[in-house]
Amino acid sequence: MNVVTRFAPSPTGHLHIGGARTAIFCWLMARHYKGQFHLRIEDTDLLRSRQEYTDSILASMKWLGLDWDGELTYQTQRMDLYRQYVNRLLESGQAYWCSCTTEEVDAMRQKAKELGLKPRYNGHCRDLHLGPGEGRCVRLKCPQEGKIVFDDMVKGRIAVDVSELDDMVLQRADGTPTYNMAVVVDDHEMGITHVIRGDDHVSNTPRQILIYRALGFQEPVFGHVPMILGSDGAKLSKRHGARAVIEYEKDGLLPHALVNYLVRLGWSHGDQEIFSLDELVELFDGTHLNPSAARFDVNKLQWLNAHYMRALPVAELARLVRPFATEAGYGELSDERLQGLCTLFRERAKTLVELAAAFAPMLVSAADLAYDEKAVTKNIRPETKERLQALSSVLKDCEPFEAEHLNTVFNDFVKDNNLTFKDIAPALRTALVGFMGGSHLHDIMAFLGREETLARIERTLSL
RNA sequence: GUCCCCAUCGUCUAGUCGGCCCAGGACACCGGCCUUUCACGCCGUCAACGGCGGUUCAAAUCCGCCUGGGGACGCCA
């Protein structure tokens, strides 16, 4: 099957997760069928469009790993094309000039509303055969009866009576095309076979189909993916926390975790939850898309993220946390040390930010280590101090000072002194990291090194 | 107001065109095991077919109505 899809964001904001998901679906669809995936910037809203948003969207696409084919298309650069097609409709009598003002049209709508009817343009200029002129727009001469029916990839068959539609504006009084006109011309010109987009466009689809027909274009297959709701079921907004993919990047999520999560939100393959990119490309054929809206669940996203963080090679994980470690102010860290820290804490963090935060106690000097008061009062007592003191002298001569050996030495120490782990481990942990957390004791000591380990125990003895 | 769409555990979902579903998986929650903390891992518990009718020997699966949610009705995209 020949498949050409496109993602067409308008640069009025960063790429948000809803848009990201439809972009992923489009990309997957194209890759699965070995077709093409295009990117088109719908920047006809001159007031709200900004170059920085285009840049941000492109950056997010790249971060997610969504590459596109061919050159970027900017709608503002194709104004002549749209006008050409509008003229064609004018010439064939399928469109007409309209001199009604916005106020007049508003009044018509208001009146219809009061009568309990659908607010529509009443076709005032439809048969006036007006020519071009100041303040005049171009409207499509829509059929007056019949139904528009299309088979949506995700929603199934959708039918709308044309009486629901009115003679929509194709070209504004300033000569620029309206959204519906530009989209149809572009999708046709770009050879798009599958238009996959947000749910909020289903009501535009019958209108666009009318334009396709008037122009004699072949209609593409439409697929409307439902929107993503906040965890409370309401439309995603600022108060739901991160919504732009750039924010998830800052929160320390792995791009593939986000991709996996987003794809699974609204699409399924039996009971499978974890998918590699290759698997997604192989399995995503545009079927099994869920028609209902889904709520965004941070817990599951983080679970996936933690899963992928554990699965990553340490060197790769270290490379990814580095910017976060720098951001946390740890200064220069060698690759080796960073990797050591990653192996120490990778199973305990859900995000790169959390991972980097876990490094903190390991990177200060004994004198600067902060203690959790509760841990100290509970674990650092006269009798435990004595034990720490004894352990300290054993550690002084422990050779080599490496994890595995330290583990043996510690076990022997416990046995030789007729202790249980509870008699000494909590105290040692408090001494080493300042609170009841962290990683395995022998791993911590090995990372800290002999000198620092002894210094930390020493400092605890004077608490 | 009018039109369109949606409806399975708290959440994401499985449920290939009715029977194998007194509904399966995953996240979260709770409990247990493991254990020198916290995790990871493993095991287990709790938990859903919105309501009412209809079709059928048989319905989560088909039909209708109701209810609830969402979207659209711009010379925005």
Side-chain angles (χ1 to χ4, degrees), chain A residues 8-10 12 42-45 47-49 75 98 100-102 105-106 109 112-121 135-139 152 155-156 158-161 163-166 168-174 176-180 182-183 198-206 224 226-227 229 231 233-235 261 264-274 287-288 290-304 306 310 345-350 358 375 379 407 410-411 414 420-426 428-430 433 435-442 444:
Chain A
S10 48
T12 53
E42 308 215 320
D43 53 354
T44 52
D45 185 337
L47 280 177
R48 296 188 302 149
S49 296
Q75 289 191 320
C98 169
C100 296
T101 63
T102 318
V105 176
D106 282 348
R109 295 209 166 92
K113 222 167 180 174
E114 281 162 12
L115 291 168
L117 300 170
K118 188 106 180 171
R120 305 194 315 154
Y121 171 68
R136 292 182 181 177
C137 65
V138 177
R139 287 180 183 275
D152 193 275
K155 306 250 183 202
I158 294 176
V160 177
D161 201 285
S163 63
E164 291 301 320
L165 280 16
D166 60 5
M168 75 192 110
V169 173
L170 263 20
Q171 186 175 89
R172 301 183 188 103
D174 66 4
T176 60
T178 55
Y179 165 75
N180 284 125
V183 164
D199 212 340
D200 47 338
H201 285 295
V202 310
S203 58
N204 277 324
T205 307
H224 291 94
M227 53 188 309
L229 272 20
S231 52
K235 193 170 178 173
Y261 176 72
R264 192 59 186 57
L265 194 64
W267 174 83
S268 61
H269 179 69
D271 288 337
Q272 192 170 344
E273 299 284 352
I274 308 286
T287 65
H288 295 267
N290 198 129
S292 56
R295 298 187 189 205
F296 191 83
D297 180 16
V298 188
N299 279 322
K300 194 152 184 179
L301 207 211
Q302 293 200 336
W303 168 73
L304 273 164
R310 288 192 296 272
F345 300 109
R346 65 185 319 186
E347 289 191 348
R348 278 152 259 258
K350 291 198 182 78
N379 304 316
N407 191 212
F410 184 70
N411 283 326
V414 170
T420 66
F421 288 112
K422 288 222 159 51
D423 295 328
I424 175 79
L428 179 58
R429 179 170 299 282
T430 306
V433 296
F435 71 106
M436 295 307 283
S439 192
H440 298 294
L441 289 172
H442 50 268
I444 292 172

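Fair warning: this is a prediction, and the values are worked out from it, not measured in the lab. We name chains A, B, ... by the order of the sequence lines, and we start the count at 1 in each one.
Residue contacts for A:His201: at a heavy-atom cut-off of 4.0 Å it reaches a base atom on one of the strands shown. Residue A:Asp174 is out of contact with every strand shown, counting any heavy-atom pair closer than 4.0 Å. Among the atoms of the strands shown, none is found under 4.0 Å from any heavy atom of A:Arg120. If you check every strand for non-hydrogen atoms under 4.0 Å, A:Ala173 touches a base. At the heavy-atom level, A:Arg429 lies under 4.0 Å from base atoms of the strands shown. A:Glu42 comes within 4.0 angstrom of sugar-phosphate atoms only, judged by non-hydrogen atoms across all strands, and of no base. If you check every strand for non-hydrogen atoms under 4.0 Å, A:Pro426 touches nothing. Counting any heavy atom pair closer than 4.0 Å across all strands shown, A:Arg48 reaches a base atom. Base contact: A:Ser439 has a heavy atom under 4.0 Å from a base atom. Here A:Ala112 lies out of heavy-atom contact (under 4.0 Å) with every strand. In this structure, A:Asn407 reaches the bases: a heavy-atom distance under 4.0 Å links it to at least one base atom across the strands shown. The residue A:Met227 sits close only to the backbone: its heavy atoms come under 4.0 Å of sugar-phosphate atoms, none of a base. Residue contacts shown for A:Leu265 are limited to sugar-phosphate atoms, with no base heavy atom under 4.0 Å away.
Applying the Watson-Crick and G-U wobble criteria (two distances, each under 3.5 Å), B:A7 pairs with B:U67. Nucleotide B:C17 forms a pair with no other nucleotide shown, judged by Watson-Crick or G-U wobble geometry with both contacts under 3.5 Å. In this structure, B:G74 makes no Watson-Crick or G-U wobble pair, since no nucleotide meets both defining distances under 3.5 angstrom. Summarising the base pairing, B:U37 is matched to no nucleotide, lacking a Watson-Crick or G-U wobble pair whose two defining distances lie under 3.5 Å.
Between B:U16 and B:U11, the two C1' atoms lie 25 Å apart (nearest whole Å). Of the C1' atoms belonging to B:A59 and B:C22, the separation is 14 Å, rounded to the nearest Å. Only the P atoms considered, B:A39 is 32 Å distant from B:A23, to the nearest whole Å. Rounded to the nearest Å, the gap between the P atom of B:G53 and that of B:A47 is 26 Å. Going from the C1' atom of B:U56 to that of B:A72 covers 39 Å, rounded to whole Å. Rounded to whole Å, the C1' atom of B:C65 lies 26 Å from the corresponding atom of B:C73. Comparing B:C38 with B:U61, their C1' atoms are spaced 46 Å from each other, to the whole Å. Taking atom C1' in both B:C5 and B:G18, one finds a spacing of 25 Å when rounded to whole Å.
A salt bridge is defined here as a Lys NZ or Arg NE, NH1 or NH2 lying under 4.0 Å from an Asp or Glu carboxylate O, and A:Arg120 with A:Glu164 fails to meet this definition. Remark: A:Lys155 engages A:Asp199 in a salt bridge, criterion side-chain N to carboxylate O under 4.0 Å.
Partners of A:Asp200 according to the side chain to side chain contact (heavy atoms under 4.5 Å, CB included) rule, which considers only residues two or more places apart in sequence or in another chain, do not exist here. Remark: A:Pro206 engages A:Ile148, A:Phe150, A:Val160, A:Leu165 in a side chain to side chain contact (heavy atoms under 4.5 Å, CB included) (not counting sequence neighbours). Applying the side chain to side chain donor-acceptor pair (under 3.5 Å) test to A:Asp45 and every residue at least two apart in sequence or in another chain returns A:Arg48. By the side chain to side chain contact (heavy atoms under 4.5 Å, CB included) test, A:Ser163 is found to be paired with A:Asp161, residues two or more places apart in sequence or in another chain being considered. Listed by chain and residue number, nothing satisfies the ring pair (Phe, Tyr, Trp, His ring centres under 6.0 Å) test with A:Phe435 (two or more places apart in sequence, or in another chain).
Between A:His440 and A:Phe410, the ring centre distance reaches or exceeds 6.0 Å.
Along RNA chain B, the nucleotide nearest A:Arg136 and the nucleotide nearest A:Lys113 are compared for position; the residue whose nucleotide lies closer to the 5' end is A:Lys113. Remark on RNA chain B: of its neighbouring residues A:Arg264 and A:Met436, the 5'-side contact belongs to A:Arg264, judged by nearest-heavy-atom nucleotide.
A:Asn180 and A:Thr178 are not linked by any side-chain donor-acceptor pair at a separation below 3.5 angstrom, with hydrogens and angles left out of the test.
Using a 4.0 Å cutoff to heavy atoms of chain A, the contacted part of RNA chain B runs 5' to 3' from B:G1 to B:A77.
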